[in-house]
Amino acid sequence: MVYSLAYVRSRVLTIEAVKVRFAPSPTGYLHVGGARTALFNWLFARKHGGAFILRIEDTDRSRHVADSLEKILDDMRWLGLHWDEGPEVGGESAPYFQSERLDIYTRHIDKLLESGRAYFALETPEELSAMRDAANAQKQTFKYRRPDPLPTVEEGRAAKAAGREVTVRFAMPENDMIVQDEVLGEVRIPREELEDFVIQKRDGWPTYHFACVVDDELMGVTHVLRGQEHLMNTPKHVAMQQAMGFRTPIYAHLSIIFNMNGSKMSKRDKEKALAKGLVPPEIDVHDFRVAGYLPEALLNFISLLGWSPGEDREQMTLEETVEAFDLSRLGSANAKFDRDKLLSFNTDWCAKLSPERLLAALKDFASVSGSKLADFDDETLAYLLRINAGYRTFRDIEAKCAFLWAVDDAIEYDAKAVRKVLQKNEGAGFSMLEHLVELLANHESWESASLEQFLTTLCEEKGVKLGAVAQPLRVALTGTTISPPIYDTLVLLGREKTLARIQRILTLKETIAQG
RNA sequence: GGCCCCAUCGUCUAGUGGCCUAGGACACUGGCUUUUCAUGCCAGUAACACGGGUUCGAGUCCCGUUGGGGUCACCA
């Protein structure tokens with residue numbers, strides 16, 4: 001096997017310092033697939049004591065979305081994927097916004113032009129698309145054919161000066177390209193498949209390919225871990241590196257993440273579900289955050305997509321993952337995103353994280369989701385966390401506690417619950433409530449322990465199970481048969497509201513019975 | 001369609017020629033615990049896509065078939 005000089009050199013270089021980057025484009029929220037890419041890069045940097053760079057690829061101003069950068073940075077922070085160089089923290093290779101590096105790209109394009117490895121292309125977009133259509137009409141794939149003779153640099157510059165909008169294309173070498181990949185091995189792409197692609201658009205900005213290659217070199221990137229959808233870009237990048245005398249980083253193309261039905265996970269899934277009136281699936285990191293997931297669980301789960309620590313290990317902390325992370329354990333087969341398994345992971349993380357950590361996470365959830373939970377103080381929130389043990393996401397707590405901020409007179413009663421718990425056995429549930437409203441009004445203390453004592457004694461006297469008391473109460477207080485443990489439910493709601501709600505359902509007894 | 005990548009339970013995966021009558025996890029099914037929901041606990045069902053080789057021996061190596069995916073922009 002023959003390795004290129006650049007390849008060998010980059011190999012040696014990595015012994016000294018690992019440098020990786022995550023390079024999102026500010027076109028929206030951080031996608032869960034992007035988060036996985038970011039995570040793997042981050043893990044690799046941490047594992048080898050290297051640097052993790054965050055670079056913003058914003059060369060296409062038309063696709064720029066306002067607030068996107070802030071959103072991406074915020075979600076990266078939420079995940080705990082802090083960057084060593086990039087926006088807000090700076091670094092030796094600043095700036096980290098490609099939109100601020102135009103002069104650098106222009107300089108390198110000029111050099112390529114001078115050396116003859118790039119040339120001005122005069123076709124207009126209309127001409128190109130016409131050629132493309134013509135090729136398609138004949139069922140052929142359009143390949144850009146290098147003009148002969150080529151316009152000279154002077155001619156190109158003159159055309160540009162004359163107001164003509166020209167592009168610059170990279171002159172691909174005449175040989176097949178070989179990509180060395182850590183997970184796929186050696187990939188050979190036939191020369192016929194490669195064409196002279198555009199490196200400078202007519203607006204003067206570089207294309208992704210060019211900016212990416214220049215920045216990786218200038219920023220000292222040693223390893224490129226990116227999605228497999230980039231595999232066919234890599235030969236182009238390697239060719240440019242060779243033309244410019246750059247090092248070739250070590251590549252590792254990650255398997256792609258799909259939905260359970262095999263489709264690509266995309267924002268479109270959300271739109272489609274919404275159109276059908278369904279609950280939109282979580283696609284962006286932010287969606288999971290708002291849905292009440294823990295970053296610990298999400299990270300742990302996505303780390304296992306396309307990678308495995310082996311030894312049947314699954315649930316592990318980020319630190320353990322860093323320790324176990326290795327390129328050799330990256331998988332090549334695409335993975336499907338199993339939401340059930342994520343939910344299960346989240347449940348387990350909710351059960352094992354410290355109360356302090358859970359409280360902080362719950363507060364974050366409350367603030368980003370706009371939950372009424374945000375109105376409670378820390379003590380109450382910690383209490384809620386404790387009594388709801390067994391919840392799977394914070395949304396479960398939110399749902400189970402919704403009765404707390406419901407308006408007494410606006411509670412809606414679940415028909416099935418009313419029938420089963422209140423009307424059955426000649427209205428035994430209603431009778432129980434009638435009995436309770438009196439007793440509770442006069443009960444001296446309103447603390448959990450005291451109420452427990454009171455209710456269990458009551459059950460013994462009446463010879464019934466606790467359910468015979470608790471369930472009617474739940475329906476009266478929440479409208480459903482679901483609530484936190486009954487004593488806590490009473491305490492949280494308070495005596496006043498408790499009595500008001502019992503009285504209301506008793507008043508509505510006949511109306512409800514008909515409904 | 002051309003080129004490229006991939007292929008172990010429904011899903012994520014372990015497996016790097018003998019330790020595999022293929023292991024773990026999620027899901028599923030059954031049971032137990034429980035004041036509701038949930039959690040928890042126990043048990044069970046379930047896979048090497050197919051066909052050829054190579055080898056004493058193949059889930060593991062090679063070839064083909066089939067299937068899935070990626071990519072073919074002046075987007076990234």
Look at all strands and tell whether R313(A) reaches a base, only sugar-phosphate, or nothing, counting heavy atoms closer than 4.0 Å. nothing

Classify the nucleic acid contact of D396(A) as base, sugar-phosphate or nothing, counting any heavy atom under 4.0 Å across all strands shown. nothing

Determine the contact category for E57(A): base if any of its heavy atoms lies under 4.0 Å from a base atom, sugar-phosphate if only primed atoms, P, OP1 or OP2 are that close, otherwise nothing. sugar-phosphate

Taking the cut-offs as 6.0 angstrom to the six-membered ring centre and 45 degrees off its axis, would you call K236(A) and F197(A) a cation-pi pair? yes

With a 4.0 Å cut-off on heavy atoms, is G306(A) in touch with a base, just the backbone sugar-phosphate, or nothing at all? sugar-phosphate

Measure from the side-chain heavy atoms of L128(A) and tell me the nearest of rC74(B), rU39(B), rC37(B). rC74(B)

5' precedence on RNA chain B between I189(A) and R474(A) (nearest-nucleotide basis): I189(A)

Any-strand Watson-Crick or G-U partner of rC26(B), both distances under 3.5 Å: rG10(B)

Reckon D348(A) touches a base, only the sugar-phosphate, or nothing at all at heavy-atom distances under 4.0 Å? sugar-phosphate

Hey, does E229(A) reach any base, or is it just sugar-phosphate, or nothing, if we go heavy atoms under 4.0 Å? sugar-phosphate

Of the options rU35(B), rC75(B), rA73(B), whose atoms approach the side-chain atoms of T207(A) most closely? rC75(B)

Is there a Watson-Crick or G-U wobble partner for rG57(B) with both distances under 3.5 Å, and which nucleotide is it? none

Using both distances under 3.5 Å as the test, list the Watson-Crick or G-U wobble partner of rU16(B), or none. none

Distance-only donor-acceptor test (3.5 Å): side chain Q228(A), base rG70(B): no

Looking at R188(A), I'd like to know whether one of its side-chain N or O atoms comes within less than 4.0 Å of OP1 or OP2 on rC4(B). no

rC75(B) OP1/OP2 closer than 4.0 Å to side-chain N/O of T27(A): no

Using the P atom as the reference point in each nucleotide, state the distance between rG57(B) and rU71(B) in Å, no decimals. 43 Å

Compute both the distance and the angle, then confirm whether K336(A) meets the cation-pi test with F258(A): under 6.0 Å from the six-membered ring centre, within 45 degrees of the axis. no

Do F170(A) and H237(A) have ring centroids that are under 6.0 Å from one another? no

So, does R226(A) get its side chain near the phosphate of rG70(B), meaning an N or O under 4.0 Å from OP1 or OP2? no

Measure from the side chain of V187(A), starting at C-beta and using heavy atoms only, and say which of rA25(B), rU35(B), rC4(B) lies closest. rC4(B)

The side chain of S332(A) lies closest to which of these nucleotides: rC6(B), rC12(B), rA27(B)? rC6(B)

What contact category does L455(A) fall into here, base, sugar-phosphate, or nothing, at under 4.0 angstrom with non-hydrogen atoms? nothing

Do the side chain of K341(A) and the base of rA25(B) come within less than 3.5 angstrom through a donor-acceptor pair of N or O atoms? yes

Please tell me which of the listed nucleotides, rA27(B), rA14(B), rA25(B), lies nearest to the side chain of D312(A)? rA14(B)

For the residue pair H223(A) and V20(A), what are the closest heavy atoms and their distance? O-CG1, 3.6 Å

Is the shortest side-chain N/O distance from R63(A) to OP1 or OP2 of rA76(B) below 4.0 Å? no

Hey, would you say the F325(A) and F40(A) ring centroids sit under 6.0 Å apart? yes

Touch class at under 4.0 angstrom, heavy-atom based, for Q315(A) against every strand present: nothing

Hey, does T141(A) reach any base, or is it just sugar-phosphate, or nothing, if we go heavy atoms under 4.0 Å? base

If you check every side-chain atom of R392(A), which of rC5(B), rU36(B), rA27(B) has the closest atom? rA27(B)

With respect to the side chain of H230(A), which nucleotide from rC12(B), rU11(B), rA76(B) is positioned closest? rA76(B)

rA25(B) to rA14(B) separation - P atoms, rounded to the nearest Å: 15 Å

What about the rings of Y293(A) and Y391(A), do their centers lie closer together than 6.0 Å? no

Once you apply a heavy-atom cut-off of 4.0 Å, does A389(A) come out as touching a base, just sugar-phosphate, or nothing? base

To the nearest 0.5 Å, what is the distance between OG1 (T489(A)) and NZ (K400(A))? 8.5 Å

Nucleotide nearest L466(A) (side chain, heavy atoms from C-beta), chosen from rC74(B), rU35(B), rC26(B): rU35(B)

Using a heavy-atom cut-off of 4.0 Å across all strands, would you classify H209(A) as base, sugar-phosphate, or nothing? base

Using a 4.0 Å heavy-atom cut-off across all strands, classify S344(A) as base, sugar-phosphate, or nothing. sugar-phosphate

Within the structure shown, what part of the strands sits under 4.0 Å from I256(A) by heavy-atom distance: base, sugar-phosphate, or nothing? sugar-phosphate

For a quick check of understanding: with a heavy-atom distance under 4.0 Å over all strands, which category does T167(A) fall into, base, sugar-phosphate or nothing? base

Could you tell me if R395(A) sits above the aromatic ring of F365(A), with its cationic atom closer than 6.0 Å to the ring centre and no more than 45 degrees from the axis? no

Taking for each residue the nucleotide of RNA chain B bearing the nearest heavy atom, is the 5' side occupied by P24(A) or by K336(A)? K336(A)

P-based separation of rG24(B) from rG15(B) [nearest Å]: 15 Å

How far, in whole Å, is rG59(B) from rU21(B) if one measures between their P atoms? 9 Å

For rC75(B), take OP1 and OP2 only and decide whether either is under 4.0 Å from a side-chain N or O of K201(A). yes

Quiz item: N334(A) side-chain donor-acceptor pair to rG69(B) base, under 3.5 Å: no

Reckon K465(A) has a side-chain N or O less than 4.0 Å from the OP1 or OP2 of rU36(B)? no

Nearest of rU71(B), rC74(B), rU35(B) to any side-chain atom of Q471(A)? rU35(B)

